[in-house]
Amino acid sequence: MQVEERRTFPVALKKAWDYVVDFRHWPDWYVGLSNIIDPAAGSWELPGDEVRNEYRLLGRRLEGVSRIEEMSEHNMTRFTSRIPGMPVVSQEWNWIDQGDHCDVVVTLETEDTVRFFERVIENTQLPPTLRRDLTESLENLHTILDLGIHE
């Protein structure tokens, strides 16, 4: 399953990039992500770096881990997010410099699952939930960058 969204942000690429890759900001704009667990132990700069997250899903608190698979500064980040009992979600953020503003194309993809329960969730609940959360998250991010709240 794959979901893709494209957004234009009203700030230069470096500003948007610096804000997005600072994982301490993620709960401020990413829908469903409620907390960074032990931020001092997290790192988000190189492939293999991980950040532990807390999510809220259907009123439940779930812990997960996001891990960088590939990163090219001011260009692209590809990472996986793992929450026990849920399909693994891969995200790829591709950035396009437009001078005084920038574009980002975000692709979310889930791995095929084997277990029946995970497959049911993946095929019925996950696609609309991922699309809604990504759309709202990018709208939140746009608002923060547009209003200069990130500075």
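What you see is a predicted model, and the numbers here were worked out from it, not measured in a lab. All values below were derived from every heavy atom in this structure, side-chain atoms included, with hydrogens, water molecules and symmetry-related copies excluded.
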State, with a plain yes or no, whether a side-chain heavy atom of [X] is found less than 4.5 Å away from one of [Y].
| X | Y | value |
| --- | --- | --- |
| Thr143 | Trp29 | no |
| Trp95 | Val20 | yes |
| Thr135 | Arg7 | yes |
| Leu46 | Ile68 | no |

What distance do Phe9 atom CZ and Asp146 atom CG have between them, rounded to the nearest 0.5 Å? 11.0 Å
Which distance, rounded to the nearest 0.5 Å, do you find between the CZ of Arg131 and the CD of Gln2?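 If we round to the nearest 0.5 Å, Arg131:CZ and Gln2:CD are 9.5 Å apart.
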Of all residues at least two apart in sequence or in a different chain, which pass the salt bridge (Lys or Arg N to Asp or Glu O under 4.0 Å) check with Asp103?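 Listed in chain order: Arg6.
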Among Val3, Leu141, Asn94, Leu138, side-chain contact (heavy atoms from CB on, under 4.5 Å) partner for Val106: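 That would be Leu138; it is the only one of Val3, Leu141, Asn94, Leu138 passing the side-chain contact (heavy atoms from CB on, under 4.5 Å) with Val106.
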For the student: nearest non-hydrogen atoms of [X] and [Y], plus distance:
| X | Y | result |
| --- | --- | --- |
| Asp133 | Ser137 | O-OG, 2.6 Å |
| Ile144 | Asp28 | CD1-O, 3.9 Å |
| Cys102 | Ala16 | SG-CB, 3.7 Å |

Tell me, please, which residues at least two apart from Glu139 pass side chain to side chain donor-acceptor pair (under 3.5 Å). none
Partner set under side chain to side chain donor-acceptor pair (under 3.5 Å) for Ser90, not counting sequence neighbours: none
Between Thr107 and Glu4, a side-chain donor and acceptor under 3.5 Å: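 Thr107 vs Glu4: donor-acceptor pair found between side chains.
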Could you check whether Gln98 and Asp100, counting side-chain N and O atoms only, form a donor-acceptor pair closer than 3.5 Å?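 Side-chain D/A pair, Asp100 to Gln98: absent.
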Could you check, using the six-membered ring where one of them is a Trp, whether Tyr19 and His25 have ring centers closer than 6.0 angstrom?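 Under 6.0 Å, so yes.
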Trp44 ring center within less than 6.0 Å of Trp26 ring center: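 Between Trp44 and Trp26, which both carry aromatic rings, the centre distance is below 6.0 Å.
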Return a table of donor-acceptor pairs under 3.5 angstrom between the side chains of residues 70-86 and protein atoms on other chains or two or more places apart.
residue, atom, partner, partner atom, Å
Glu70, OE1, Arg78, NH2, 3.0
Thr80, OG1, Glu69, OE2, 3.1
Ser81, OG, Ser66, OG, 3.0

Check the surroundings of atom CZ in Arg24: do more than 12 heavy atoms from other residues, nucleotides or ligands lie under 6.0 Å from it?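 Open.
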List, by chain and then residue number, the residues other than Val31 in its hydrophobic cluster (Ile/Leu/Val/Met/Phe/Trp/Tyr, side-chain heavy atoms under 4.5 Å); write none if there are no others. none
Is there a path of hydrophobic side-chain contacts, each under 4.5 Å between heavy atoms, that joins Val65 and Phe23? no
Under 3.5 Å, which donor-acceptor pairs do the side chains of residues 32-41 form with other protein atoms, sequence neighbours left out?
residue, atom, partner, partner atom, Å
Ser34, OG, Glu54, O, 3.2
Ser34, OG, Glu54, OE2, 3.2

For Glu45, is there any backbone N or O sitting under 3.5 Å from a side-chain donor or acceptor partner on Asp49? yes
